[in-house]
Protein chains: 2
Amino acid sequence: MKPNVKKILAQAEHICAQKDIRLTESRRHVLSIIAGSSKPIGAYDILKSLSQKMDNPKPPTVYRAIEFLQAQGFIHRIESLNAYVTCDAHHHHTGSQFMVCDDCGKVTEAHLCDLPTPLLDKTKKENFKLSSWNVELHGLCAGCQ
Amino acid sequence: MKPNVKKILAQAEHICAQKDIRLTESRRHVLSIIAGSSKPIGAYDILKSLSQKMDNPKPPTVYRAIEFLQAQGFIHRIESLNAYVTCDAHHHHTGSQFMVCDDCGKVTEAHLCDLPTPLLDKTKKENFKLSSWNVELHGLCAGCQ
DNA sequence: GCACATATGTTATATTATAACAATTTATAT
DNA sequence: ATATAAATTGTTATAATATAACATATGTGC
Ligand SMILES: [Zn+2]
Ligand SMILES: [Zn+2]
Ligand SMILES: [Zn+2]
Ligand SMILES: [Zn+2]
């Protein structure tokens, strides 16, 4: 197991212990699969990988784990790819921002703690009560240009 | 037909004429269905509606029209809803921004011509070559709070 | 132990999207 | 006008993503 994966799992364990919620076996497996992927990974690729660690898992097992991990802020969904990545930020956040390379598929989290002013202004103008936000930037990463 | 739909169709007709590309019957129908919806509409709801205007249309007909309309910038896809809306801005743009009401489902386009500085800074720092971007703000619209 | 809440197993199905190839229509060039 | 190429549509099938529903099991507090 990559050291990075180990670290992510340890952090998740710690947070779950603190919050007194359960990082069960399937949840831990799914988290480690996502953490071990160099790129965002889709639910059915997670399932394939999970089938090497559990006996014949089914889609709901994966989706339930994903739902839990998202709720805890351990992973994010990349909407434009229908795929999942682990969170890079060191705190829980309701806004997500990513740079997605359209060539190699790699995704980098570009975390901002606050919604940029021009967008915040739009919400104020519309009297929109913000609860979460997601930004996906598409283009080419440094290595792919 | 709502006057708004008529206007959107007329604009699309005009642009297509200028660019010498074809707003064919199925494309026009799909555009008018999306324009006529008060909320983002999914491909299979478009298909259902389209079947009242054409004889037994199939999914590829809808998806091909969507692809065309997106390429021309007439419509946008709301990634978090798997659904489509017409563009509100008065010029072609590669960045999209929306406020999505999680209660009533209404979506408002919050167009910015440029990527906000904090995000632009992130791309520069990573030497990421930006080609397009999408922002989806979730929360409650003025009427739903 | 018992009641309750949480989590998992299992089967089936819903929803969203695309591949592949044939047929047709439209544009272009002789 | 006719041949040719390009763009568009028709059609069938299937891929890819996600959830509903209900039964079973496991953990938690009393
Ligand atoms: Zn994060
Ligand atoms: Zn890349
Ligand atoms: Zn727009
Ligand atoms: Zn609303």
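Letters A, B, ... are given to chains in the order of the sequence lines, protein chains preceding strands, and every chain is numbered from 1. On a predicted model such as this, the values are computed, not experimentally measured, just so you know.
- Applying the 4.0 Å criterion to OP1 and OP2 of C:dA17, one finds that B:Tyr63 has a side-chain N or O inside that range.
- Screening B:Arg27, B:Glu67, B:Lys19 for a side chain to side chain donor-acceptor pair (under 3.5 Å) with B:Gln72, the sole residue that qualifies is B:Lys19.
- Look at CD on A:Glu79: it is 16 Å from C1' on D:dA16, rounded to the nearest Å.
- B:Leu119 CG to B:Thr123 OG1: the interatomic distance, rounded to the nearest 0.5 Å, is 8.0 Å.
- The pair A:Asp45-A:Lys48 meets the salt-bridge criterion, with a side-chain N (NZ, NE, NH1 or NH2) lying under 4.0 Å from an Asp/Glu carboxylate O.
- In this structure, the NZ atom of B:Lys58 is 14 Å from the C1' atom of C:dA23, given to the nearest Å.
- Bending across the helix from C:dG1-D:dC30 to C:dT30-D:dA1, expressed as the angle between its end axes from five pairs apiece, amounts to 30° (10° rounding).
- For the pair A:Ser26 and C:dA7, the criterion of a side-chain N or O lying under 4.0 Å from OP1 or OP2 is not met.
- Near DNA chain D, meaning a heavy atom under 4.0 Å away, the residues from residues 15-24 of chain B are B:Arg22, B:Thr24.
- Between B:Glu126 and B:Lys124, no side-chain nitrogen of the basic residue sits less than 4.0 Å from a carboxylate oxygen of the acidic one, so the salt-bridge criterion is not met.
- Computed from coordinates, the B:Ile78 CD1 to C:dT16 P distance equals 14 Å when rounded to whole Å.
- With hydrogens and angles ignored, no donor-acceptor pair closer than 3.5 Å exists between the side chain of B:Tyr44 and the base of C:dA14.
- In this structure, B:Asp45 and B:Pro60 both approach DNA chain C, and ranking their closest nucleotides by distance from the 5' end singles out B:Asp45.
- Nucleotides of DNA chain D nearest to B:Asn82 and B:Glu25 differ in position, and the one nearer the 5' end is that of B:Glu25.
- Contact annotation: B:Arg77 side-chain N/O to C:dA17 OP1/OP2 distance is under 4.0 Å.
- In this structure, CD1 of B:Ile46 is placed 11 Å from P of C:dT16, rounded to the nearest angstrom.
- Atom pair B:Lys48:NZ and C:dA14:C1' shows a separation of 12 Å (rounding to whole Å applied).
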### Task
Begin from the C-alpha positions of A:Phe128 and B:Cys144 and carry the test side chain to side chain contact (heavy atoms under 4.5 Å, CB included) through to its verdict.
CA-CA 9 Å; A:Phe128 184 84; B:Cys144 287; over 6 Å; no

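- For D:dT19, neither phosphate oxygen OP1 nor OP2 lies less than 4.0 angstrom from any side-chain nitrogen or oxygen of A:Arg64.
- Using a 4.0 Å cut-off between charged nitrogen and carboxylate oxygen, A:Glu13 and A:Arg28 count as a salt-bridge pair.
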